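Take a look at the structure below.
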Amino acid sequence: MLLTKEDNRRNFLRLASGAALCGRSLSRGQSGVPPASPPDVSLRLGRISWEVAPGKIVKTTGVNGSSPGPLVRLKEGQQVTIEVSNETGAPDLIHWHGLHIPSAVDGAMEEGSLMIDPHTSRQYSFVAQPSGTRWYHTHTMAGRDLRRATYSGEFGFLSIDPRSEPGVYDQEHFLAFREWDPYMTNGAEGDSSMNVAYKYCSVNSHALGFGEPVRVKQGQRVLFRMLNASATSHRRVAFAGHRFRVVALDGNPVAAPQETEILELGAAERIDAWVEMNQPGVWILGATNDRDREQGLGIVVEYANQNGPPRWVTPSNVRWDYRIFGSAQPHSSSQAVRVPLVFEKKWAGNRWVDYWTINGKSYPKTDPILVKTNETYRLIFDNRSDEAHPVHLHRHTFELVEVEGAATSGVRKDVVVVGPRQKMEVEFKAANPGPTLFHCHQQMHMDYGFMTLLKYV
Ligand SMILES: [Cu+2]
């Protein structure tokens, strides 16, 4: 999806006119029933196949014939109706990730959103908020069926433009980091539990060097809106010859924008970063891990009038730390109700998938987190496992307030990676009544117990 702002607008308009046609055809034959108002956007889930890399065909399910699906571009505060039709052959539904919307349309069955039966459609109507880089994805369960859930290609960007457009960039590109053709494997280093590996990687729908490059001109400021759309993998990303200026995490502007050499994204995390194009050449923006990059996880950035093979420069080993984007001023919220959440792994046995627990219990037996409207809560994450967990809270935005004992503020997110054996604290205001899912976004962790519900009482 390498589009300039103008292209995006055109793309969105095309989408909207297609949607209107679809809405009319649906009301046909229902005499006596007033036709539903036509949706603003129509998304069709169905089988797709395409050449991700030379000679490598991926077969999966996607949206409107591709993966990622179309960019859905909305205006903050806009009332929108999105129709999703399901031609995947199995019950499905779509979650609008990072939005503050009612449980019934959030797109998680655990919250009460309805499944879309095969060969039927459903409309999701909501007010688009808050502004920022959001995304949509299927929210089904996969278990060991790696054709399902976030292993599939059923996702796309959802970008909500702020009421006041800051737009101080020359180009905007949406980049989704992805893997394809998942398969079950034994974990590494004597760990005999089952895990997931992949055959190919891509940025958007093509492997490194196979799709269209990002074409830039010297002196341009280019905004990259990046998403780790992986079901299970954590990513470190660099742009050879350049540095990123990180301006937003999970779509939310950070207190202290910073220049960085490396970006790190857990599953479902987003980073908005500018790059000043001041190193003419042909370069690779991609995974720092050589094997992942060789499998396709990267994209070529080509300056005008430059040619030759794209260059990669091995970056330093600098550590990723959310706190550099925050303010050192501690968050002043002594009123927050503390909610301790301990994450542990239960080894299930050789060639079995491990179970995950929150405070000793696996979903659906986990204890719900009870909240009162307009009170502030501090979730205290205590990861007692050796794996990182990108934990996600639906329908709310939280603020990081403590990372490994150090206070911070001004970094607002909806997914945060709690590192191995790490402690982290976040706060949020319970201001969106309705059942709310909290879970690890690593699909295999989520499917095997790492989930609970937050309930307004
Ligand atoms: Cu996890």
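For ligands, and for the atoms within them, numbers begin at 1 and follow the listed sequence. FYI, side chains are in, hydrogens and waters are out, and symmetry mates aren't considered; it's all heavy atoms of this structure. Bear in mind the structure is a predicted one, so any value in this text is a computation, not a measurement.
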Quiz item: Can you tell me if H441 has an N, O or S atom under 2.8 Å away from the Cu ion (ligand 1)?
Solution: no
Quiz item: So which of T60, V196, T232 actually passes side chain to side chain contact (heavy atoms under 4.5 Å, CB included) with L146?
Solution: V196
Quiz item: What do the steps show when you test E264 against R236 for salt bridge (Lys or Arg N to Asp or Glu O under 4.0 Å), and what is the final call?
Solution: CA-CA 4 Å; E264 247 183 69; R236 271 170 76 84; 2.7 Å; yes
Self-check item: Minimum-distance atom from the Cu ion (ligand 1) among N, O or S atoms of H389
Solution: ND1
Quiz item: Could E404 and R319 be called an ion pair, given the rule that one side-chain N must be under 4.0 Å from one carboxylate O?
Solution: yes
Self-check item: is_close_aromatic(H394, H396), centroid dist under 6.0 Å
Solution: no
Exercise. Please name the atom of H445, restricted to N, O or S, that is closest to the Cu ion (ligand 1).
Key: ND1
